[in-house]
Q: 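This is the structure I have questions about; it appears just below.
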2 protein chains.
Amino acid sequence: MSQLPKQPAEGPVPTSADVARLAGVSRATVSYVLNNNPTVRISESTRRRVREAASELGYVPHAAARSLRAGHTRTVLMPTGDHPAGPLHHRFLHELESGLRRLDYTVVQHGSLGLDADEAARAWAELRPVAVIAPGGVALTPQGIAVLRRSGAKAVITLGPQPVDGAHALVMDQREVGSCATGHLLQRGRRRIGVVMPEEPGLAPFAEPRLSGARRVAADVGALIEPLPLRYDEESAGALAARWRTLGLDAVFAYNDAYAMLLMRALQDAGIEIPAETAVVGADDLLIGRLLRPRLSSVRMELAASQPLADLVDRLVRHPGGVPERHDLLRARAIPRESS
Amino acid sequence: MSQLPKQPAEGPVPTSADVARLAGVSRATVSYVLNNNPTVRISESTRRRVREAASELGYVPHAAARSLRAGHTRTVLMPTGDHPAGPLHHRFLHELESGLRRLDYTVVQHGSLGLDADEAARAWAELRPVAVIAPGGVALTPQGIAVLRRSGAKAVITLGPQPVDGAHALVMDQREVGSCATGHLLQRGRRRIGVVMPEEPGLAPFAEPRLSGARRVAADVGALIEPLPLRYDEESAGALAARWRTLGLDAVFAYNDAYAMLLMRALQDAGIEIPAETAVVGADDLLIGRLLRPRLSSVRMELAASQPLADLVDRLVRHPGGVPERHDLLRARAIPRESS
DNA sequence: TTGAAAGCGATACCAA
DNA sequence: TTGGTATCGCTTTCAA
């Protein structure tokens, strides 16, 4: 009874041959039994002997050997970027991962910090993923896509603010967020609107489209849009607040709730009345925004259900070669509170 | 010049045999050249021919075949839990990953949502990782550890609030946070201290040790510690605030800054003076806490540098079999502001 | 119902 | 300096 050996055997890793030997059958039979191969009939007693031998040895099949033999993997590779995903995005990724696992894919995340786009694509290609789902912020070049394709990836999919040429795209179109926030401010009668642009690297792929979304709706009514670079620290916010009145703005869309809170506090400390003198709206609808006074108006984002997307990935893998598809995942909705 | 073929060849994936054929050499030579094998001398002209053939075909080696042949991988597997890591933790993981990649490991993250501990361990074992680093919140049983060991993992390491029997441990001892926060409150003369316990599942592994850390230092001076269950929503916070005075507490350690902000707002709305009647301290030292009035006192956490830990993992892989090691990663420090 | 054997792609030994 | 070849673990066809 050494179920929990103090010093787990350093011996060789058991293979299907070991299982076969112990069960007194051939390796073929072991494979048939453990994979429940329906094209071949094996006696119940043999099945039992094989199963017992396998569990006695603690046998675990060798994924590399299996996929080498099969000629393909069922690996879906998700590169990870270098900045933390928000809770919304994070939950979405996890659910997508579960959905894919339910379809019998092995989902694997692979960081690429410190690798350039093509090195990274090569590193991914070595794993021979059947699909690659690259979130926004992960560089994916046409060359990289070609490398992945040549190495057997049936589907290369981007997941983020904007599509990449030659890949399928699950788009979280951030312009929606900008136009939603700005539309709300316009409705409140504001016409000179600042848009906070975080200076933190890595946020640009989100911030730029939000700005252009804002511009689009503002143009319709001839309102002014003024980009406002801001670092996420009190000093930067203080400096912006200090010159606020010279800007002559009557509203600001602050990129997200965190930046909004930072800026709103700085504006209040500079004696600017919110929302009377300047309206503020964030995005993400964090609980914390509701705790401020005035309560922070925000934009709530919702992502599409992930199971249908897992099914979509599966379809792209099974019927590759179509033209790149684009699917919009993001819906945005203004949540008016007291700050606007 | 079809560097960017519109329809990337659906043909078979090029192998080293294809490279050999194109270069007019044997597969062995290809391997020698591409791996810069120093034990064999190859003429410069042959090297060039091989390299050109490889890049012309877009050849990428097949990781599975390589590791099958080698008898081992250089895969470090990091299971991911189901709740988003904070920015601190997130950055740490990314740096650890980069550090390991610098040591020529392939780091791969693998979600386990919806799998039980032993299923998950089996799934990981199929990849034959040379090391597994399991963050807190990822279930890891002694059986799971045994499965991984038997399948060739040289090092099984936990990374989180508490060690797991039989594995090496990189410990982020959350008791430090609790005792640091509580020590600060005691120093301020408070003696009846509430400790917020989030009801959200998944936070218990962090919350429990923070509580026991609080208890430890409170016991030294005979102070009272009162656990306070709280959900992360306004309703729950309001209910707690409504019965606050019946609790007779003069301070609260609110698990972290987010819970602290939630509770502090509810207390203020209930007419409780902060810090006069009740002192509040959070943890994480978020920027946002500095924006509240009164400014939120907090506990700042610092993690050990990650490169030495990457080196440690490398050492454990190369010299396996020692007794499980424990390393403390977390240091905590009180940041007094206005709320305490 | 079971077994023998080929072969997936890469590497490293041994020969030439 | 280079090439032939056995080998890793597994699946699957073909034979028995």
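Throughout, a chain's letter reflects where its sequence line sits, starting with A, and its residues are numbered from 1.
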Q: Please state whether the phosphate of dT1(D), meaning OP1 or OP2, lies under 4.0 angstrom from any side-chain nitrogen or oxygen of Ser43(B).
A: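 Answer is no, no contact under 4.0 Å.
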
Q: Rounded to whole angstrom units, what separation is found between the CZ atom of Arg66(B) and the C1' atom of dA12(C)?
A: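 Distance, rounded to whole Å: 13 Å.
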
Q: Nearest to the Arg69(B) side chain among dG9(D), dG3(D), dT7(D), which nucleotide is it?
A: dT7(D)

Q: How would you label the contact of Thr15(B) with the nucleic acid (heavy atoms, under 4.0 Å): base, sugar-phosphate, or nothing?
A: sugar-phosphate

Q: Taking only side-chain N and O atoms of Ser26(B), does any of them lie within less than 4.0 angstrom of OP1 or OP2 on dG4(D)?
A: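 Ser26(B) to dG4(D) OP1/OP2: no side-chain N or O under 4.0 Å.
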
Q: Which heavy atom in Pro12(B) sits nearest to a heavy atom in Arg150(A), and how many Å separate them?
A: O-NH2, 4.2 Å

Q: Evaluate Glu95(B) against Arg91(B) for salt bridge (Lys or Arg N to Asp or Glu O under 4.0 Å), listing each step before the verdict.
A: CA-CA 6 Å; Glu95(B) 288 179 5; Arg91(B) 226 197 42 174; 3.5 Å; yes

Q: Report the nucleotide, chosen from dA10(C), dC10(D), dC8(C), that has the shortest atom-to-atom distance to any side-chain atom of Arg27(A).
A: dC10(D)

Q: Less than 4.0 angstrom from a charged side-chain N to a carboxylate O is my criterion; do Arg318(A) and Asp314(A) meet it?
A: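 Asp314(A) and Arg318(A): salt-bridged.
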
Q: Within this structure, what is the NE2-to-P distance between His72(A) and dT11(D), rounded to whole angstrom?
A: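 It works out to 12 Å between those atoms.
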
Q: Hey, does the side chain of Asn37(A) come within less than 4.0 Å of dT11(D)'s phosphate (OP1/OP2), counting only N and O?
A: no

Q: Looking for any heavy atom pair under 4.0 Å, which part of the strands does Thr46(B) touch: base, sugar-phosphate only, or nothing?
A: sugar-phosphate

Q: Where do Arg315(A) and Glu325(A) land on the salt bridge (Lys or Arg N to Asp or Glu O under 4.0 Å) test, with the steps shown first?
A: CA-CA 12 Å; Arg315(A) 180 169 64 73; Glu325(A) 296 182 19; 3.1 Å; yes

Q: So which nucleotide from dT2(D), dC8(D), dA10(C) ends up closest to the side chain of Leu68(B)?
A: dC8(D)

Q: Rounded to the nearest angstrom, tell me the gap between atom CG in Leu34(A) and atom P in dG9(D).
A: 16 Å

Q: Could you tell me the separation between the CD atom of Glu126(A) and the P atom of dG9(C), rounded to a whole number of Å?
A: 15 Å

Q: Respond yes when some side-chain nitrogen or oxygen of Thr29(A) is under 4.0 Å from OP1 or OP2 of dG3(C), and no when none is.
A: yes

Q: Output the rounded distance in Å from OH (Tyr59(B)) to C1' (dG9(C)).
A: 7 Å

Q: So, are Arg48(A) and Glu44(A) salt-bridged, with charged N and O less than 4.0 Å apart?
A: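 Salt bridge flag = no for Glu44(A) with Arg48(A).
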
Q: Between Ile42(B) (CD1) and dT2(D) (C1'), how many Å, whole number?
A: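 Between C1' of dT2(D) and CD1 of Ile42(B): 7 Å.
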
Q: Roughly, in whole Å, what's the span from NE2 in His62(B) to P in dC10(D)?
A: 16 Å

Q: Describe the nucleic acid contact of Val40(B) in one word from base, sugar-phosphate, nothing, applying a heavy-atom distance below 4.0 Å.
A: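 Base contact.
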
Q: Respond yes when some side-chain nitrogen or oxygen of Tyr32(A) is under 4.0 Å from OP1 or OP2 of dT13(D), and no when none is.
A: no

Q: Want to settle it: does Thr39(A) or Ser45(B) sit nearer the 5' end of DNA chain D, counting the closest nucleotide to each?
A: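 This one resolves to Ser45(B).
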
Q: Give the rounded distance in Å between these two atoms: CZ of Arg21(B) and P of dA10(C).
A: 12 Å

Q: Respond yes when some side-chain nitrogen or oxygen of Ser16(B) is under 4.0 Å from OP1 or OP2 of dT11(C), and no when none is.
A: no

Q: Identify which one of Ile157(B), Val138(B), Ile145(B), Val156(B) satisfies the side-chain contact (heavy atoms from CB on, under 4.5 Å) criterion when paired with Val164(B).
A: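 Filter result, single survivor: Ile145(B).
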
